[in-house]
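What follows is a single structure, written as structure tokens, with notes after it.
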Protein chains: 2
Amino acid sequence: MKQKITIKTIAKELGVSTSTVSKALKDSHEISTETKQKIQAYADLYNYKPNSLALQLRNQKTKVIGVILPKIVHHFFSTVIMGIEEGANKKGYNIMVCFSNESYKKEVETLKVLSNGSVDGLIVSIASQTLENKDFNHFKGLVAEEIPLVLFDRVVDEILCDKVVVDDVGAGYKATQHLLDNHRTKIALITTPNHVNVGALRRQGYEKALIESYIKTNKKLIVEIDENEDIKPQIEKVFEQDIDAVFAVNEIYAANAMRIAKEKGLEVPKDISIIGFTDGLISEYSSPSITTIAQHGFTMGKQAVDLLIERIENESELFKPKKIVISSDLKLRESTKPSS
Amino acid sequence: MKQKITIKTIAKELGVSTSTVSKALKDSHEISTETKQKIQAYADLYNYKPNSLALQLRNQKTKVIGVILPKIVHHFFSTVIMGIEEGANKKGYNIMVCFSNESYKKEVETLKVLSNGSVDGLIVSIASQTLENKDFNHFKGLVAEEIPLVLFDRVVDEILCDKVVVDDVGAGYKATQHLLDNHRTKIALITTPNHVNVGALRRQGYEKALIESYIKTNKKLIVEIDENEDIKPQIEKVFEQDIDAVFAVNEIYAANAMRIAKEKGLEVPKDISIIGFTDGLISEYSSPSITTIAQHGFTMGKQAVDLLIERIENESELFKPKKIVISSDLKLRESTKPSS
DNA sequence: TATCAACACGAAACCGTTTTCGTTACTTAA
DNA sequence: TTAAGTAACGAAAACGGTTTCGTGTTGATA
């Protein structure tokens, strides 16, 4: 990179002190109009831009927000990023995005790197492996250092910080109830392993809805997908049971289920109803299109970043963690059209 | 944020100088074993982490790479980010991600902010609006300042820098040829406005393939989608023509085309073949699944970041812009299965 | 005993900027 | 004539590190 022009260069070149240059560029009244014009002209000519590192060091703030996601090739996380970026940008912040790739180790490392002063605060969705081994010390460290932290979607109670989540139980309930309303009673649930808590919560909603309809939950109708294995055969297994509906906790699972149903000669939604989660492009463009629970990722990102910036800029306030619950909507599409 | 522990605090607390502390923490031979142990123990106890801003200022490098994308809710860009992040991470860099949202103004601003010393280099895919109004001065400014820059996917010749692109002409040719091989001759092209050069290039490939088969291109079969309008009606118009195949330059257009085909009672691939671009989840999960040109976004991101880091770390070399062309593959699926 | 190297540490400069607090020189009012 | 005020600028500290170059104290050697 070319040697950048600094205040020092300008000062030396114009035979004044750096303080004068600094003040002149800020249009301070302390400096004579004449001198100001001379300095500003010179700065313009050589395209002077203040070094942001120096400013960050001096001001003890970076105007950067760190974002750590488990993965990105997932419509939901993409929309969350959009929301975060837009909200951050509006308040003059930039975002630094990292991925844990669902790995505990990488999450710990990334957290360490970002908490070295390079960001003013962090927005994180916890890696699946971390949720599994339940070791949250790296997060607790952050909290102890009082680095502003907002968790979203995948959160845990052990970490005392602000949180933004969707009403997973309610959403699971809503989805299941919708199937029940369509007179489906043999509803399969395709979910994540139980340690991924959003999956567990949606399952609670599913069970609650069934109980209220006096249907006892049948464990054989529930599959917990192991993402390290091939997904399709795992879902296929549940089709060996007698089912008339599928509730999947994300759209990939839902799309797979639909594909399998078709392969088995089942017609959607006549023979079997399918409902997914995360209102992404797959659900929208598959045929038949898939009814889903819309998670409002954009809103979630926006809320998370607003909360974080609030926390960053009002440090003085006493700390009382907030939890924002975003309600989710049922987005009706073809895959659950009543047969009547 | 809590007051962080610094080298100064340690020095004062232990009654030594900051230089001693700094050296001790780096295990310098200049410091006695005794003192080193004392200092290291103290640092560990209070969880000392060197302030990265201070280091960045002193070393004149940030180990951060800026990434500016037109948008993210697009499978292709998501995979590119993954590639960039992985490559960057491997070499100890972090990435700062921003979005231009296809807007010229936001692109200019973002570029300005990031080139203030907060990043060591930039990876950018140009905003559609910028391509349209052909004003590249903000990029030329970067090049003049010798800030390492790599453009990918959407690139232009006017900017003298490293580039990573897919072989768009070849890909367009390949796709069209595939349709021709399946005895389709009335091939519609659904593309972007011509200023988005990747669209223009793919169109060249399309036209080349047709010419080689002695088929004259019919302008009525080509639609340039205006993304500010509703997409579906625009695509519907081409179905008023007599067509037996559709080549779409991205998967959203392809999915829309398939949906329309079905609504018109056309069977895919019996009555009409459809081929898309960008091997995303929509293509994979729609039914029938859609044949696409795989763009290898991950590879692209990786190559881009490798190129950039190479440039950052070997400044001395004389500058000769490189252009890496990534070959694309045809991914055969159901939407173009030969009817025979 | 004088000389010299090795050892262990500190002072100070530096990265680029801001800001407080002088310090001049000049003007104005008492 | 003198005290006070003001305009215009500079010196220096500060942010948190690293690094070069002393410097004082040992111990060994000639």
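Keep in mind that this is a model prediction, so the values were computed, not measured. The analysis underlying the following values was restricted to heavy atoms, covering all of them including side chains, and did not include hydrogens, waters or symmetry mates. A, B, ... follow the sequence lines: proteins, then strands. Residue 1 opens every chain.
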- Among D:dG17, D:dC15, C:dA11, find the nucleotide with the atom closest to the side chain of B:S17.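 Comparing D:dG17, D:dC15, C:dA11 against the side chain of B:S17, the answer is C:dA11.
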
- Task: Name the closest nucleotide to the B:T20 side chain, picking from C:dG10, D:dC15, D:dG16.
- Result: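 Selected nucleotide: C:dG10.
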
[X] has an atom [atom1]; how far is it from atom [atom2] of [N], in whole Å?
X	N	atom1	atom2	result
B:L25	C:dC9	CG	P	14 Å
A:I31	C:dT19	CD1	C1'	12 Å
B:I7	D:dT19	CD1	C1'	12 Å
A:K23	D:dC9	NZ	C1'	7 Å
B:K61	D:dG17	NZ	C1'	15 Å
B:Q56	D:dC15	CD	P	18 Å
A:L57	C:dG16	CG	P	12 Å
B:H29	D:dT19	NE2	P	13 Å

- Can you name the one residue among A:T62, A:L55, A:L57 that meets side-chain contact (heavy atoms from CB on, under 4.5 Å) with A:N59? A:L55

[X] near the nucleic acid: base, sugar-phosphate alone, or nothing, with a heavy-atom cut-off under 4.0 Å?
X	answer
A:L55	sugar-phosphate
A:K26	sugar-phosphate
A:T6	sugar-phosphate

- Query: Pick the nucleotide of DNA chain C nearest each of B:R58 and B:T35; which residue has the one closer to the 5' end?
  - Reply: B:T35

- pair B:E158-B:F139: side-chain heavy atoms closer than 4.5 Å: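 They are not in side-chain contact.
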
[N] base to [X] side chain: any donor-acceptor pair below 3.5 Å?
X	N	value
B:S19	C:dA11	yes
B:K49	D:dG16	no
A:Q60	D:dC15	no

- Query: Under 4.0 Å between a side-chain N/O of A:K8 and OP1 or OP2 of C:dC15, yes or no?
  - Reply: yes

- Is there a side-chain polar atom (N or O) of A:K4 under 4.0 Å from OP1 or OP2 of C:dC15?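 A:K4 to C:dC15 OP1/OP2: no side-chain N or O under 4.0 Å.
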
- Item | Upstream residue (5' side of DNA chain D) when A:E30 and B:T18 are each assigned their closest nucleotide |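 The 5'-side residue here is A:E30.
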
- Message: Check this for me: does any side-chain nitrogen of one of B:E85 and A:K106 sit under 4.0 Å from a carboxylate oxygen of the other?
- Response: yes

- Message: Please give me the minimum heavy-atom distance between B:V113 and B:S118, naming the atom from each residue.
- Response: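 Heavy atoms only, the tightest pair is O-OG, 3.4 Å.
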
- Task: Provide the closest heavy-atom pair for B:V196 versus B:L131 in the form atom of the first, atom of the second, distance.
- Result: CA-CD1, 4.0 Å

